[in-house]
2 protein chains.
Amino acid sequence: MSVIETADAEGGGSLHQRILSDISEKILSGAWAPGHRIPFEHELTTEYNCSRMTVNKALSQLAKAGLIERRRRSGSFVRRPQSQAAVLEIHDIRIEVEALGLPYRYERVARHKRRSSAEDRSLLELEAIGSVLALECRHFAGKRPFAHEQRLINLAAVPEAIDEEFLAIAPGPWLIGRVPWSEAEHRIRAVAADRHIAAALDIEAGAPCLVVERRTWSAEHPITHVRFTYAAESHTLVARFRPSQG
Amino acid sequence: MSVIETADAEGGGSLHQRILSDISEKILSGAWAPGHRIPFEHELTTEYNCSRMTVNKALSQLAKAGLIERRRRSGSFVRRPQSQAAVLEIHDIRIEVEALGLPYRYERVARHKRRSSAEDRSLLELEAIGSVLALECRHFAGKRPFAHEQRLINLAAVPEAIDEEFLAIAPGPWLIGRVPWSEAEHRIRAVAADRHIAAALDIEAGAPCLVVERRTWSAEHPITHVRFTYAAESHTLVARFRPSQG
DNA sequence: TGTTTCAATATGTATATACATAATCGCCAC
DNA sequence: GTGGCGATTATGTATATACATATTGAAACA
């Protein structure tokens with residue numbers, strides 16, 4: 001196979017990108033099954049008429065993406081797919097509502113500063129007692145409540161939050177960009193609406209709801225814990241998986 | 001700052017790895033805020049006493065990971081975190097059950113081969129009418145039903161599935177490794193258990209359940225559609241986000 | 001026959017160099 | 001001023017080269 005014949009692959013113009021997408025195409029289409037030894041670097045060097053560094057750049061990226069495994073002296077081999085990992089995109093609620101073509105409205109229900117309770121510290125995974133800001137908000141899609149938000153902000157980590165009333169801006173967009181965050185953990189589960197949630201979302205008590213909880217850290221410091229509750233009909237999380245992608 | 005002083009970073013031995021983790025540490029700790037211009041390649045070159053290629057390798061990876069943005073003639077800048085993307089790990093159910101320390105048991109409830117109905121084709125996103133294998137299974141954790149599985153397998157893509165009874169092995173593990181898959185889409189939502197699901201999971205009708213649906217393609221061909229239903233108490237999905245990681 | 005040693009091999013990392021490309025700055029003419 | 005133009009600059013890509021490192025296979029040896 002010559003360079004010209006593979007020039008229709010969608011790699012981003014540069015040669016190592018094309019080598020990368022050529023090979024990943026072969027793997028993902030099944031032409032090269034798991035365990036198959038892909039050509040040596042020096043073979044690809046002659047196939048693509050380029051230097052070994054260029055081939056190496058492509059193969060190193062494939063290895064980092066987990067599509068192939070490289071063994072010294074033996075060559076590079078197609079790995080079998082193992083973990084069903086998917087990229088879950090969790091957007092700002094305003095974006096999600098507007099994607100539905102509905103007008104978005106935000107409402108702050110409550111805002112309290114308090115010394116962290118035992119439950120607060122457990123939710124934030126906070127060691128020491130300190131001040132937290134507790135917020136309760138609602139997000140509307142058209143006239144209907146779309147999501148209910150319960151949030152704790154660690155004031156030791158984000159002291160400037162105390163000056164914000166969160167009447168006009170939701171805490172999510174306020175925090176993003178203002179606080180660098182290095183780690184987040186999401187928990188997703190189904191619950192039955194309790195009376196408080198049912199009233200806030202205008203649904204029956206006991207109705208199924210999707211709960212997304214997110215904990216965020218920045219350099220080991222807990223920043224915020226937020227619980228979004230969606231009525232069952234109103235929301236579906238979508239996660240896509242596409243291996244490699246260079 | 002000299003090379004020696006930064007040698008305590010945890011980068012994987014090689015120099016470009018250390019440069020990469022040094023810089024990402026600065027960004028994630030907040031020392032370099034979003035918008036900050038990180039040193040030019042030639043500056044890092046003298047700081048680490050290495051060639052520009054080595055620095056470039058590190059910076060290119062940071063750019064691909066989305067931590068920095070590179071602009072010709074201007075330099076490289078710390079990007080502000082934007083999409084709250086998270087890596088959602090969806091494991092085999094056996095693994096999840098065993099992680100709970102409970103004995104795992106699998107049960108095939110039903111298996112039918114049929115010509116695809118309109119609903120089947122919609123679920124599989126199948127164009128043409130063809131044969132599908134419809135499976136219904138239960139996964140147990142100890143004595144309690146843990147998850148209910150409804151699966152369609154596109155027999156045009158996986159003809160050998162017709163020879164498998166799926167009495168001893170669950171369709172998930174059977175498919176993995178046998179069929180190369182290039183793309184998957186997950187949908188996660190909360191529903192109320194209907195009578196059928198309630199009976200299968202031994203819960204009350206109307207109780208909240210977490211539903212995870214997965215559609216899988218291999219090189220444009222639909223492979224399978226599966227719907228897992230979990231009783232609300234029994235399951236929480238966990239997704240972690242950690243930017244970069246080299 | 002079993003073990004040690006050594007050379008061959010493929011990948012891993014780094015260098016110096018070269019040229020392409022895009023964006024910006026400043027100069028100059030108008 | 002201001003509009004265009006070329007020089008400058010930082011990144012983007014590729015090359016040839018070099019040496020390190022892990023692993024395998026075969027030769028040499030006990």
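These numbers were taken from a predicted model, which means no experiment stands behind them. As a basis for the values below, the full set of heavy atoms in this structure was taken, side chains included, without hydrogen atoms, waters or symmetry mates. Labels below follow one simple rule: chain letters A, B, ... track the order of the sequence lines, proteins then strands, and each chain is numbered from 1.
Taking atom CG of residue B/L59 and atom C1' of nucleotide D/dT11, one finds them 10 Å apart after rounding to whole Å. One can place CZ of A/R52 at 9 Å from C1' of C/dT13, the figure rounded to the nearest angstrom. Remark: P of C/dG12 and CD of B/Q61 are 13 Å apart, rounded to the nearest angstrom. As a whole-Å value, the separation of B/F77 CZ from D/dA10 P is 11 Å. Rounded to whole Å, the distance from CG on B/L15 to P on D/dC19 is 19 Å. Between the OH atom of A/Y48 and the C1' atom of D/dT13 there is a distance of 17 Å, given to the nearest Å. Per the geometry, NE2 belonging to A/H16 stands 6 Å off P belonging to D/dA14, to the nearest Å. Between B/L62 atom CG and D/dG12 atom C1' the separation is 16 Å, expressed in whole Å.
In this structure, B/R71 satisfies the cation-pi test against B/F77, with its NZ or CZ atom closer than 6.0 Å to the six-membered ring centre and inside 45 degrees of the ring normal.
Of all heavy-atom pairs between B/I68 and B/R79, the closest is C-CG, 3.5 Å.
When atom types are taken as modelled, the side chain of A/R227 and the backbone of A/V212 share no donor-acceptor pair closer than 3.5 angstrom. Side-chain N or O atoms of B/E165 include none that pairs as donor or acceptor with a backbone N or O of B/L167 at under 3.5 Å. Within the 3.5 Å criterion, the main-chain N or O of A/L123 finds a donor-acceptor partner in the side chain of A/R215.
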N/O to N/O distances under 3.5 Å, protein versus nucleotides 5-10 of chain C:
{"residue": "C/dA8", "atom": "N3", "partner": "A/R73", "partner atom": "NH1", "Å": "3.0"}

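Within the structure, every side-chain polar atom (N or O) of B/S51 is placed at least 4.0 Å from both OP1 and OP2 of C/dA14. Using a 4.0 Å cut-off, no side-chain N or O of A/S60 falls inside it from OP1 or OP2 of C/dT11.
Remark: B/Y230 engages B/F146, B/H235 in a ring-ring contact (aromatic ring centres under 6.0 Å, His included) (not counting sequence neighbours).
Taking for each of B/K57 and B/M53 the nucleotide of DNA chain C with the nearest heavy atom, the 5'-most of the two is the partner of B/K57.
For B/N56, the listed nucleotide lying nearest its side chain is D/dG12; candidates were C/dA14, D/dT15, D/dG12.
Within 6.0 Å of CD in B/E160 there are more than 12 heavy atoms belonging to other residues, nucleotides or ligands.
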